[in-house]
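I have placed the structure first, in the form of structure tokens, so that the comments after it can refer back to it.
Being a predicted model, the structure only gives us computed values, none of them experimental. Chain letters run A, B, ... following the sequence lines, proteins first, then strands; residues in each count from 1.
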Amino acid sequence: MALTKKEVEKIAGLARLELSEEEKEKFADDLSSVLGYVQKLSEVDIKKVEPITGGTSLESVTRKDDETKCVSDSQMREQILSASPNREDDYFKVPSIFE
Amino acid sequence: MNLNKLTIKEAHKLLGRKEITSVELVMAHFDEIKKKDKDIHVFLSLNEEGAMVAAKKVDERIAKGEPIEMLAGIPASIKDNILIRGIKTTAASKILENYIAPYDATVIKKLKEEEAIFIGKTNMDEFAMGSSTENSGFGPTKNPVNLERVPGGSSGGSAAAVKAGFSVYALGSDTGGSIRQPAGFCGAVGFKPTYGAVSRHGLIAMASSLDQIGPIARNVDDAAAVFETIRGKDELDSTSVAMEWQDYWGSPLDIEKIKIGVPREYFIHGLNPEIEKNIKSVISKLEKEGAKIEEISLPYSEWALATYYIIMPAEVSANLARFDGIKYGYSTINKEEKLQNLFDVYLKSRGEGFGAEARRRIMLGTYILSAGYYDAYYTRAQKVRRLIKQDFDRAFKEVDAIITPTSPTTAFKFGEKTQDPLSMYLADIYTVSVNLAGIPGISIPAKEVAGLPVGLQLIGKNFDDVKLLKIAKIIETISK
């Protein structure tokens with residue numbers, strides 16, 4: 001299982017990661033070696049096995065959509081907003097996405 | 001009296017009898033940190049002022065004759081992926097270098113209710129990805145037992161803090177062994193509770209179906225005391241479970257009624273023969289004391305690490321998508337004169353903000369989850385994960401606990417495994433199955449090999465955490 005540099009570029013794009021040329025080569029090797037290792041799973045007969053989909057057997061856990069449970073005071077609201085690197089008033093500001 | 005080697009119980013007793021004050025206890029720990037942490041590098045940030053204020057408050061209560069909680073006034077250190085409001089929380093990543101937590105993790109809230117004292121935030125592998133702390137964005141932690149060796153990881157700072165006398169206990173997180181392995185490497189007790197026993201609200205998520213918070217402490221009693229405080233259902237973590245827990249402090253288990261399984265797959269090539277000898281000698285001792293020992297088989301163990309290295313990076317790639325240079329953390333958005341487009345902000349903020357291992361795992365997960373590969377990797381791994389879980393279900397019909405080494409080696413040297421990621425991943429070979437199965441595991445110190453600590457891992461049944469702790473306590477007692 002050897003990944004090409006081109007495949008690494010594609011994955012990096014999907015993952016929104018900028019890589020240097022050097023890193024692309026290095027990651028092609030690293031990822032190939034890990035993917036080669038996990039190929040081991042093809043040895044296991046999984047024909048009649050259902051996949052596990054999480055860490056517990058709990059199903060459909062819900063709670064009331066009550067933001068005061070998370071944001072308990074106005075100071076916290078302010079702290080959350082001010083963590084933004086590009087805040088304007090009460091908004092997170094992003095570059096325009098329409099031409 | 002050495003205030004830096006006390007257990008929780010001892011410290012609690014001394015505080016209650018007014019033989020020491022919490023302020024003295026806290027000061028003794030900061031003194032030790034100032035003396036030794038230049039060399040060990042446990043802390044990413046210290047909370048000296050906050051700790052002193054909290055300690056004074058506890059002392060006032062004691063002076064008034066009020067009874068205090070078990071953890072009140074006792075210094076704890078907290079892994080830096082657990083949020084304490086108003087304190088910097090970085091997960092040892094440059095992408096969160098200046099992030100101040102705006103709220104408390106549920107475990108922190110619970111510790112605050114007991115008036116625990118937070119000494120500082122401990123170093124770790126970036127986003128808990130690693131087995132040595134060498135992946136920290138801020139430089140590695142050294143093993144207090146031998147400064148040329150790694151403390152293990154990813155909760156290496158927390159384990160080192162307990163060993164070095166910088167705090168009485170610590171919190172870590174364990175996704176594939178990140179509490180147990182460093183505890184083993186540093187000669188401490190490290191406990192990963194059952195998945196769902198402790199809320200992860202306020203833990204910076206790595207792999208959500210595997211992550212669990214737990215204590216690192218000087219003995220099993222202390223680990224149990226911390227566990228009692230932090231466990232419980234929490235509305236803000238929908239995977240947490242409401243349980244009627246057994247009482248740990250009641251009568252000890254009768255050793256003659258305990259059945260321990262020894263999985264043959266865990267005692268194979270790759271295991272340091274000296275470690276094997278020490279673990280086996282504990283097993284014979286148990287047998288001599290009357291416990292029933294049974295060889296068992298966990299046939300799918302061989303595929304656990306490969307399963308883990310599919311499921312974990314897949315979940316990592318999803319969880320770390322939140323670091324986008326917009327809401328918080330490192331961003332290039334204001335860096336360049338000319339207006340960038342949003343895609344470039346993502347690419348550059350994430351490319352520059354994440355370290356090599358984080359990027360490696362994000363890419364691995366992205367690949368595994370991408371169209372055309374999802375079933376071949378992810379679905380297949382989720383199926384093998386079920387087989388691994390069934391191995392344990394079967395075993396626990398026969399035995400009360402399973403005994404294994406925590407790691408195949410003792411603490412390794414810096415740089416030994418950093419060039420080849422796969423060799424680093426193998427450090428977790430005995431611990432990852434426990435996370436995949438969601439069951440509890442604890443590492444307790446066994447006899448050292450060549451002056452380096454050895455961890456003995458004990459694995460229990462789902463939500464049998466208290467029984468597991470009780471069996472661990474028996475082993476701790478007979479090993480002395």
Side-chain angles (χ1 to χ4, degrees), chain A residues 3 7-8 10-20 23 26-27 30-31 33-46 49-58 61-64 66 69-72 75-86 92-97, chain B residues 99-100 102-103 195-196 208-210 235-236 238-239 241 300 303 306-307 309-310 317 321 324-331 333-334 339-343 345-348 350-352 354 356 359-360 362-364 366-367 370 377 379-387 389 420-422 425 438:
Chain A
L3 285 185
E7 283 173 297
V8 170
K10 190 181 160 221
I11 303 165
L14 289 171
R16 307 290 188 264
L17 289 171
E18 188 174 76
L19 301 180
S20 68
E23 284 174 327
K26 168 89 169 108
F27 279 136
D30 289 352
L31 297 186
S33 115
V34 178
L35 288 170
Y37 176 73
V38 300
Q39 285 299 330
K40 219 177 143 49
L41 291 194
S42 59
E43 302 160 8
V44 183
D45 179 7
I46 48 159
V49 187
E50 281 298 307
I52 283 187
T53 49
T56 67
S57 47
L58 296 171
V61 179
T62 58
R63 66 174 161 90
K64 242 193 169 153
D66 174 3
K69 282 261 155 58
C70 305
V71 184
S72 55
Q75 209 189 346
M76 189 180 290
R77 186 171 179 279
E78 179 56 30
Q79 284 165 342
I80 291 169
L81 284 163
S82 60
S84 168
N86 201 28
F92 299 129
K93 197 173 160 197
V94 298
S96 60
I97 50 169
Chain B
Y99 180 69
I100 310 283
Y103 63 94
Y195 186 85
S208 300
S209 80
L210 304 163
E235 242 192 335
L236 298 176
S238 60
T239 64
V241 177
Y300 288 99
W303 293 280
T307 304
Y309 271 93
I310 292 173
S317 74
D324 56 4
I326 304 295
K327 300 186 291 291
Y328 41 71
Y330 177 82
S331 181
I333 199 163
N334 295 316
L339 202 62
Q340 309 163 75
N341 67 40
L342 186 59
F343 191 75
V345 174
Y346 292 155
L347 280 184
K348 292 210 167 75
R350 291 164 60 78
E352 292 170 19
F354 288 128
R359 281 179 292 156
R360 192 151 38 228
I362 290 170
M363 300 237 298
L364 201 55
T366 305
Y367 178 79
S370 62
Y377 287 103
T379 310
R380 176 172 281 271
Q382 293 285 56
K383 289 181 177 179
V384 181
R385 182 177 183 180
R386 181 175 300 276
L387 294 170
K389 186 171 184 305
D420 174 13
L422 202 54
Y425 298 170

Checklist entry - If every non-hydrogen atom of V8(A) is compared with every non-hydrogen atom of M363(B), which pair is closest and at what distance? => result CG1-CE, 3.7 Å
Next on the checklist: Other residues, nucleotides and ligands only: do more than 12 of their heavy atoms fall within 6.0 Å of NZ on K327(B)?
Outcome noted: yes
Checklist outcome for this item: What one should report as the nearest heavy-atom pair of A306(B) and K40(A) is CB-CB, 4.3 Å
Checklist entry - Contact part of T53(A) toward chain B, heavy-atom cut-off under 4.5 Å: side chain, backbone, both or neither? => result backbone
Checklist entry - Between S72(A), S82(A), S42(A), G13(A), which shows the greatest number of heavy-atom pairs under 4.5 Å with chain B? => result S42(A)
Item to check | Under 4.5 Å from a heavy atom of chain A, the part of Y330(B) involved | outcome: neither
Checklist entry - Does any heavy atom of chain A fall under 4.5 Å from the side chain of T307(B), the backbone, both, or neither of them? => result both
Item to check | Top contributor to chain B contacts, counting heavy-atom pairs under 4.5 Å, from T62(A), N86(A), V94(A) | outcome: N86(A)
Next on the checklist: Between Q382(B) and Y377(B), do the side chains contain a donor N or O and an acceptor N or O under 3.5 Å apart?
Outcome noted: no
Next on the checklist: Under a 4.5 Å cutoff for heavy-atom pairs, which residue among A321(B), A356(B), S238(B), S370(B) has the most contacts with chain A?
Outcome noted: S238(B)
Checklist outcome for this item: Note: vs chain B, highest number of non-hydrogen pairs under 4.5 angstrom among K10(A), Q79(A), E50(A), R16(A) is R16(A)
Checklist entry - Contact part of T239(B) toward chain A, heavy-atom cut-off under 4.5 Å: side chain, backbone, both or neither? => result both
Checklist outcome for this item: In short, T366(B) meets A15(A) closest at the heavy-atom pair OG1-CB, 3.4 Å
Next on the checklist: Is L364(B) close to chain A through its backbone or its side chain, or both, or neither, when contacts mean heavy atoms under 4.5 Å?
Outcome noted: both
Next on the checklist: Does any backbone or side-chain atom of I100(B) lie under 4.5 Å from a heavy atom of chain A? Answer side chain, backbone, both or neither.
Outcome noted: neither
Item to check | Listed partners of Y309(B) passing ring pair (Phe, Tyr, Trp, His ring centres under 6.0 Å), at least two apart | outcome: Y425(B)
Checklist entry - If you count heavy-atom pairs under 4.5 Å between each of V384(B), V241(B), I326(B) and chain A, which one has the most? => result I326(B)
Next on the checklist: A quick test of your reading: do over 12 heavy atoms of other residues, nucleotides or ligands sit less than 6.0 Å from CD of E43(A)?
Outcome noted: yes
Checklist entry - Salt bridge or not for R359(B) and E23(A), using N-O below 4.0 Å? => result yes
Item to check | Options V34(A), L14(A), V38(A), ranked by heavy-atom pairs under 4.5 Å with chain B, top entry | outcome: V38(A)
Item to check | Part of A381(B) lying under 4.5 Å from any heavy atom of chain A | outcome: both
Item to check | Side chain / backbone / both / neither for L58(A) at chain B, heavy atoms under 4.5 Å | outcome: side chain
Checklist entry - What part of K26(A) lies closer than 4.5 angstrom to a heavy atom of chain B: side chain, backbone, both or neither? => result side chain
Next on the checklist: A side-chain contact here means heavy atoms from C-beta on lying under 4.5 Å apart; do L35(A) and Y367(B) qualify?
Outcome noted: yes
Item to check | Contact winner vs chain A - R380(B), R385(B), K389(B), heavy-atom pairs under 4.5 Å | outcome: R380(B)
Item to check | Sidechain-backbone polar pair: S84(A) side chain, L81(A) backbone, donor-acceptor under 3.5 Å | outcome: no
Checklist entry - So which of S209(B), G351(B), P102(B), S317(B) has the biggest tally of heavy-atom pairs under 4.5 Å with chain A? => result P102(B)
Checklist outcome for this item: Scored by heavy-atom pairs under 4.5 Å with chain A, the best of F343(B), F354(B), Y103(B) is F343(B)
Checklist entry - At their closest point, which heavy atom of P85(A) faces which heavy atom of G329(B), and how far apart are they? => result CG-O, 4.1 Å
